[in-house]
Structures are given as C-alpha cells and as structure tokens.
Amino acid sequence: MNKDRARPTAAFIDLAAQRKHLGDSLEKAVIAVLRHGQYIFGPEVSELEKRLAAFCGAKHCISCANGTDALLLVLMAEGIGPGDAVFVPDFTFVATAEVVVLAGATPVFVDVHPDSFNMDRASLEAAIGEAKRLGLKPRAIIPVDLYGQPADYPAIESIAKAHNLLMLADAAQSFGASLNGKKVGTLADYTATSFYPSKPLGGYGDGGAVFTDNDDKAKLLLSLRCHGKAPDKPESEFVGLNSRLDTIQAAILLEKLRLFPAEIAARQKVADRYAEGLGGVVQVPSVGEGATSVWAQYTIIVDRRDDFAKACREAGVPTAIHYLNPIHALPSYTEYPKAPGLHRTGWLARRVISLPMHAYLAPEAQDMIIGTVQSVVRSLKAGVAAE
Ligand SMILES: Cc1ncc(COP(=O)(O)O)c(C=O)c1O
C-alpha cells in the first residue's frame, strides 16, 4: 500500500457531511424562523405535517416532541391503561415498552423472528394466550420496524383482527421504508416515528410524529399533544402532555425532507456494498420479500462480539450495539409477562453489532470497513482454531 496515502476514516453516522451537503439552506430556514418569531406552532410545523403525510400517504400527521411521546399519545388517545395488555417485541429500544408502563398498562414481551429480528407471529399468538391466562385484557400490538425494516404487518394484522386488537407501528427507525408497495405510516392503525438526530430522517434535536387515517383520533391527538386543549378551544378538555415539535426543528426537517429520497437510495447502496463484501463472512441482515429498509442500522451477527468490537476499534472502525439486553432482562421490566418459549432475543442481544451506516459513507471508507471486518473475523477464527 502507498504509505503516503491517508487511510480512509469512517464515522458511525456523519451528520456533518449531511450538513455540508445541505449548504446554507438549513441556516436560511432557521434564520427565517428567528425573523418571524413564531417559535411554537409556527407555519413550518403545519407545513412539515402536510409534507410528511403526503410523503407516506397517510391522511393525518400530528407532530410532537419526540418518538416516545408519539407512542404514548396514541395509547392515551385509545384510553389504554390499567388491566390492559399491550404486546411489544422483546428486542427493541426501551421506549417501546416504557410507554406502555407509563400509560399504566402491562407490556407483554413477544419473541422476534430469526431472519428479520421483528415481531414473530407464533410468539405473538402465544403472548396473547399468556395475557388472557393472567387475566389481562389484550388491547394493542406495537410492532417495531427494527433497524429500518417494516415488521410483518400482514401477519400481525390478521392476528389483530382475530383478537380485535389495535396496531400501533413503532416506526422510529423505519420512516421512509415500505412493504408491498405501501409506505411506513400507512401499515397500521397508527404509526409513531422519531426525528432523533441519528434517525434516517433526523432533526437537530428531539422530534416525533404520529400518522393515522382516523379523523376523530387525529383531532384528539392534536389536543393531547398540547395539554388536552384543541387548537380551536379556549380551555383544556383532557389530561394531555406538553409535546409540541419546535418550529425550528420543523424548519430543519423540511430542508432535510427534500434530501430524504436521495439519502434513502444512498443508504441502500451502502447496504448493498456491505452485503456483497460481508455475505459469507458474517451473518448480514436480510430484507423480506416485498419490503424495503431505510437501514437505520446495518447490524450483523458475530461470535466473540467483545473481541470483534475491540479489534474493529483498534483498526479505526466504530461500532455500536443495538441492543445489549432484551427488554425483559432490564431491571425495571423483569416483572412483566412474556410469551412462553421466548428465547431468541437473548441470543441476539449477545451477538448483534452495528457497522457505520449513513448516506455519505464514501466507497473508499466503506471498503476499509469491509476489509477490516473480513480480517478481524479471519484472525478471530484462526485464534479459536489455534486454542
Ligand atoms: C424503536 C424505537 N422506539 C422509540 C424510540 C423513541 O424515540 P425518541 O428518542 O424520539 O423518543 C426510538 C428512538 O431511539 C426507537 O429506536
């Protein structure tokens, strides 16, 4: 190798590159807000809601302060509370289960499918049986679109229909993806997403949104996100939250939304290059038939994960773990029920590791990552063989 040539470097997520790409349009958008001064519910908020709804084909978009609140607001709008069971995957970010507890209901943990790492249909059926056995009232399912790939909504929907359950999609990681030609935002009764900065469509702070086609519930959600006070009413009618999306965040997201389709395509290219370079070396993620992913994470499965992560770090490749534990094993969640036979989430939590993934990952940097992973796996295997 030419020693004079600098070794490419890789950021796990490169928000600075994205910012550079957007040029001064972002600054202009923020300055426009500073000039008009409507920091709360300024015109950018309703404009963003309109554009997001049009982007995914949902009838209503209700923005709010973050993705966690987006989930909680739906549970509040549906009056889900004590005695109710809400089915959540055991392998997800903690917010999915947290909101159920905050609503006063009981989360029931469901195992995930070995290919997609998303909610498993047979385990969901077992979890519903378990909830009934415990005297809980099954009310809702929260499928999570882990790492950016939609859950198996057709299968989950048939179970939801059979048991009269509501479907609330946790699409914090998957806004922009699709399943069988339908965009995320239209695959469930409600969809909640997050604009946390590292999400595929991220702001420069917290933000979230709910999507639904239900006119009455959309109205209620508009009220609940602002202390239970509808925009056209003088007084609070319900117990709600203070969960508004800041106008400045809306202005930033409007700019980022313009780039979003091109960024999704760029992420797909990065995922394809990883699959080509790492398939057969490690277990790479698979996307189900009819689905597209927005690759919130590119997560592989490895043996000896700690050694793998250390060797990658030493070679200049950052990695991250999503997630270290299944939710049922977290200290605050051990008391809640789970589907009989649940076992895959613990296995996954010991082996998953995410590689750098963003729309601005240059091919040279990605080839460096791929080469590093290949050689780390080779040397770990050789080490095992020599032991
Ligand atoms: C699956 C999932 N659900 C919910 C959330 C919560 O979103 P937020 O951080 O915007 O509250 C996240 C964000 O990390 C997530 O990944």
Side-chain angles (χ1 to χ4, degrees), residues 12-13 15 48 52 61-76 86-103 107 109-110 112-113 116-119 140-153 156 167-177 184-185 187-188 190-211 221 225 241-246 249-250 252-253 256 285 293-299 320-328 330 332-333 345 348-349 352 354 357-358:
F12 191 73
I13 290 175
L15 293 180
L48 178 70
L52 289 171
C61 168
I62 301 97
S63 64
C64 61
N66 53 68
T68 307
D69 282 0
L71 293 164
L72 180 59
L73 283 163
V74 173
L75 298 181
M76 292 167 74
V86 178
F87 302 93
V88 299
D90 190 33
F91 198 55
T92 177
F93 181 61
V94 70
T96 318
E98 187 177 47
V99 293
V100 179
V101 177
L102 287 173
F109 300 114
V110 178
V112 296
H113 194 274
S116 64
F117 311 155
N118 280 331
M119 188 177 262
I141 308 167
I142 312 185
V144 174
D145 303 343
L146 202 71
Y147 306 146
Q149 171 172 203
D152 186 357
Y153 288 95
I156 295 169
M167 277 207 299
L168 160 57
D170 182 342
Q173 302 181 11
S174 66
F175 189 71
V184 164
L187 296 165
Y190 298 90
T191 301
T193 198
S194 163
F195 305 124
Y196 184 80
S198 62
K199 299 298 185 210
L201 179 62
Y204 287 159
D206 280 309
V210 179
F211 298 88
L221 286 162
R225 76 170 175 187
L241 300 176
N242 171 4
S243 187
R244 299 173 293 235
L245 180 72
D246 293 338
Q249 289 307 331
I252 289 164
L253 285 163
K256 291 204 181 190
S293 174
V294 283
W295 303 104
Q297 304 296 343
Y298 193 88
T299 304
I321 294 170
H322 308 95
Y323 298 95
L324 267 176
N325 283 291
I327 307 290
H328 83 261
L330 297 175
S332 310
Y333 294 87
T345 57
L348 280 173
V352 287
S354 305
M357 164 54 81
H358 55 87

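Keep in mind it's a predicted model, so treat the numbers as computed, not measured. In listed order, ligands and their atoms are each counted from 1. If you read the sequence from its start, that first residue is 1, and numbering goes on from there.
Below 30°, between 30° and 60°, or above 60°: for Tyr333 and Phe109 the angle between ring planes is above 60°, a perpendicular geometry.
The one candidate from Ile142, Val144, Asp145 that meets the side-chain contact (heavy atoms from CB on, under 4.5 Å) condition with Thr92 is Val144.
In summary, the atoms of ligand 1 found under 4.0 Å from a heavy atom of Ala95, numbered by their order in the structure, are 4 (C), 5 (C), 6 (C). Numbered from 1 in the order shown, with element, the atoms of ligand 1 that lie under 4.0 Å from a heavy atom of Val144 read 1 (C). Listed by number with element, the atoms of ligand 1 under 4.0 Å from a non-hydrogen atom of Thr92 are 1 (C).
Residue Ser194 has at least one nitrogen or oxygen atom sitting less than 3.5 Å from a nitrogen or oxygen atom of ligand 1, judged on distance alone. The N/O atoms of Gly67, backbone and side chain alike, include one that comes under 3.5 Å of an N/O atom in ligand 1.
Nearest to atom 14 (O) of ligand 1 among the protein's heavy atoms is Lys199 NZ, 2.8 Å. Looking only at protein heavy atoms, the nearest one to atom 15 (C) of ligand 1 is Ala172 CB, 3.4 Å. What sits closest to atom 3 (N) of ligand 1 on the protein, heavy atoms only, is Asp170 OD2, 2.7 Å. With hydrogens left out, the protein atom closest to atom 6 (C) of ligand 1 is Thr68 OG1, 3.4 Å, a heavy atom.
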_Residues Ser63, Arg225; criterion side chain to side chain donor-acceptor pair (under 3.5 Å); working and verdict_ = CA-CA 8 Å; Ser63 64; Arg225 76 170 175 187; 3.3 Å; yes
*Decide yes or no on side-chain contact (heavy atoms from CB on, under 4.5 Å) for His358 and Phe12, but give the supporting numbers first.*
CA-CA 8 Å; His358 55 87; Phe12 191 73; over 6 Å; no
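Here Phe175 and Phe211 bring their ring centres to under 6.0 angstrom of each other.
The local environment of OH in Tyr196 is sparse, with at most 12 non-hydrogen atoms from other residues, nucleotides or ligands closer than 6.0 Å.
Inspection of the Asn118 and His113 side chains reveals no N or O donor paired with an N or O acceptor under 3.5 Å.
Both the backbone and the side chain of Asn66 come within 4.0 Å of ligand 1, judged by heavy-atom distances.
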